[in-house]
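Take a look at the structure set out below.
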Number of protein chains: 2
Amino acid sequence: MSIRKSNSTNTLNEFYLDDRCTLNKVLRIIGKRWVSEVLVLIKQDVSRFSQLKECLNGISDNVLSNVLNQLVKTQLITKEIFNEVPLRVEYSVSSSGLELVNVMHDLCSWGKNHIPYEVRILPTYGKNTQSLMLDKDSNS
Amino acid sequence: MSIRKSNSTNTLNEFYLDDRCTLNKVLRIIGKRWVSEVLVLIKQDVSRFSQLKECLNGISDNVLSNVLNQLVKTQLITKEIFNEVPLRVEYSVSSSGLELVNVMHDLCSWGKNHIPYEVRILPTYGKNTQSLMLDKDSNS
DNA sequence: CTGTATCCGTTAGGATACTG
DNA sequence: CAGTATCCTAACGGATACAG
């Protein structure tokens, strides 16, 4: 049920962009919420489901599970299952994942240099494009 | 109308992540569809609305407009309005935007090295996480 | 020509309950 | 403990009409 991706414009555009440049694929992987955080946490040896959940305030099981699966599928992390009594699973970052983390570091540096800390990125598609960002009239 | 961003978990999580690391802000800017493409095109001197639209197969006015506004607000590009008869507007990439483009290049390189060309990134949140990706062969 | 406003479908992302 | 399945909602992304 629920055909996840119809062949309507939305999807077509996605394909179009994917073909246009690999960058779009990359961004669709790491551009999703939580993904970068999870990746970095695992790199810092937070390797178990429950630990990750603890670190990530407010993430729900479902979402964490999806993110992990996504990362495994794209081979940014690997999953190791230990058939022990209380069942243990550990994730670790692959070499390709490590490379990616490095680039993300650059990205982060850029952000620190060019986005004021207090700025909120609220994309606000559509009409009421009120910007809570970068126009700090507020001499707060 | 339509409070665009309630203070429900969704938004709270976003704030949480933004506070956690600047990287999340960066990714929310450039992780949106078309954004990277538009940025790169403008860098290549495709500086006008209609030209951009021509280059970007299938983007609609609304969306292009939003993307441009977003980029202007985050100061990745600048907008120059010429009060001529048929009204001319030109966009150009700012210095900070140029820096970002460079990092995005690295990101793209990573992708070219680590994502097979034919792979489709269809995140498929939710249940039926069938992967159209990275498990080719899969003679299910 | 260069957009903005409105409306609308799809999907990402979350809450919850339940399984191995 | 480590997840998956189901359902739900807001927001993204798009079409269209219209305004400056």
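Chain naming here is simple, since letters A, B, ... match the order of the sequence lines and numbering starts at 1 in each.
Remark on DNA chain D: of its neighbouring residues A/Leu68 and A/Asn13, the 5'-side contact belongs to A/Leu68, judged by nearest-heavy-atom nucleotide. In terms of position along DNA chain D, the nucleotide closest to B/Ile59 lies nearer the 5' end than the nucleotide closest to the other residue of the pair B/Ile59 and B/Pro86.
Of the candidate nucleotides C/dG14, D/dT16, D/dG20, D/dG20 has the atom lying nearest to any side-chain atom of B/Leu87. Taking the side chain of B/Asn62 as heavy atoms from C-beta on, and the options C/dG3, C/dT6, C/dG14, the nearest nucleotide is C/dT6. Listed nucleotides C/dG14, D/dT16, C/dT4 differ in distance to B/Asn69; the shortest reach to its side chain belongs to C/dT4. Closest approach to the B/Asn10 side chain among C/dG13, C/dG20, C/dT16 is made by C/dG13 (side chain taken as heavy atoms from C-beta onward). Closest approach to the A/Asp61 side chain among D/dT4, C/dG14, C/dT4 is made by D/dT4 (side chain taken as heavy atoms from C-beta onward).
Regarding contacts with the backbone of C/dA12, every side-chain N or O of A/Trp34 stays at 4.0 angstrom or more from both OP1 and OP2. Listed pair B/Thr9 / C/dA15 meets the phosphate criterion, a side-chain N or O lying under 4.0 Å from OP1 or OP2. In this structure, A/Lys79 reaches the D/dG3 phosphate: one of its side-chain N or O atoms is under 4.0 Å from OP1 or OP2. Checking the phosphate oxygens (OP1, OP2) of C/dG14, a side-chain nitrogen or oxygen of A/Arg33 falls inside 4.0 Å.
In this entry the distance linking CG of B/Leu71 with C1' of C/dG3 reads 16 Å, nearest Å. Here D/dC12 presents its C1' atom at 16 Å from CG of B/Leu64, a figure rounded to the nearest Å. Atom CG in B/Asn66 sits roughly 12 Å away from atom C1' in C/dT6 (whole-Å rounding). Between the P atom of D/dG20 and the CZ atom of B/Arg88 lies a distance of 23 Å, rounded to the nearest Å. Atom pair B/Asn57:CG and D/dG13:P shows a separation of 18 Å (rounding to whole Å applied). The CG-P distance, from A/Leu12 to C/dT11, rounds to 11 Å in whole Å. Atom CG of B/Leu56 and atom P of D/dG13 are 14 Å apart (whole Å). In this structure, A/Asp18 places its CG atom 13 Å from P of D/dG13, rounding to the nearest Å.
Not a single donor-acceptor pair under 3.5 Å links the side chain of A/Ser96 to the backbone N or O of B/His114. Under the 3.5 Å distance criterion, the side-chain polar atoms of B/Ser94 are matched with a main-chain donor or acceptor of B/Gln75. Between the side chain of A/Tyr16 and the backbone N or O of B/Gly58, no donor-acceptor pair lies under 3.5 Å. The backbone N or O of B/Asn66 sits nowhere less than 3.5 Å from a side-chain atom of B/Gln70 that would complete a donor-acceptor pair. Of the possible donor and acceptor atoms, none in the side chain of B/Asp106 sits under 3.5 Å from a partner among the backbone N and O of A/Val103. No side-chain donor-acceptor contact under 3.5 Å links A/Arg48 to the backbone of A/Tyr91.
Residues of residues 45-53 of chain A that place a heavy atom closer than 4.0 Å to DNA chain D, in numerical order, are A/Arg48, A/Phe49, A/Ser50.
Counting any heavy atom pair closer than 4.0 Å across all strands shown, A/Tyr91 reaches sugar-phosphate atoms only and no base atom.
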Item to check | Stepwise side-chain contact (heavy atoms from CB on, under 4.5 Å) check, B/Arg33 with A/Asn10 | outcome: CA-CA 10 Å; B/Arg33 204 183 292 186; A/Asn10 192 4; 2.7 Å; yes

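Atoms CE and NZ, from A/Met104 and A/Lys43 in turn, are 9.0 Å apart once rounded to the nearest 0.5 Å.
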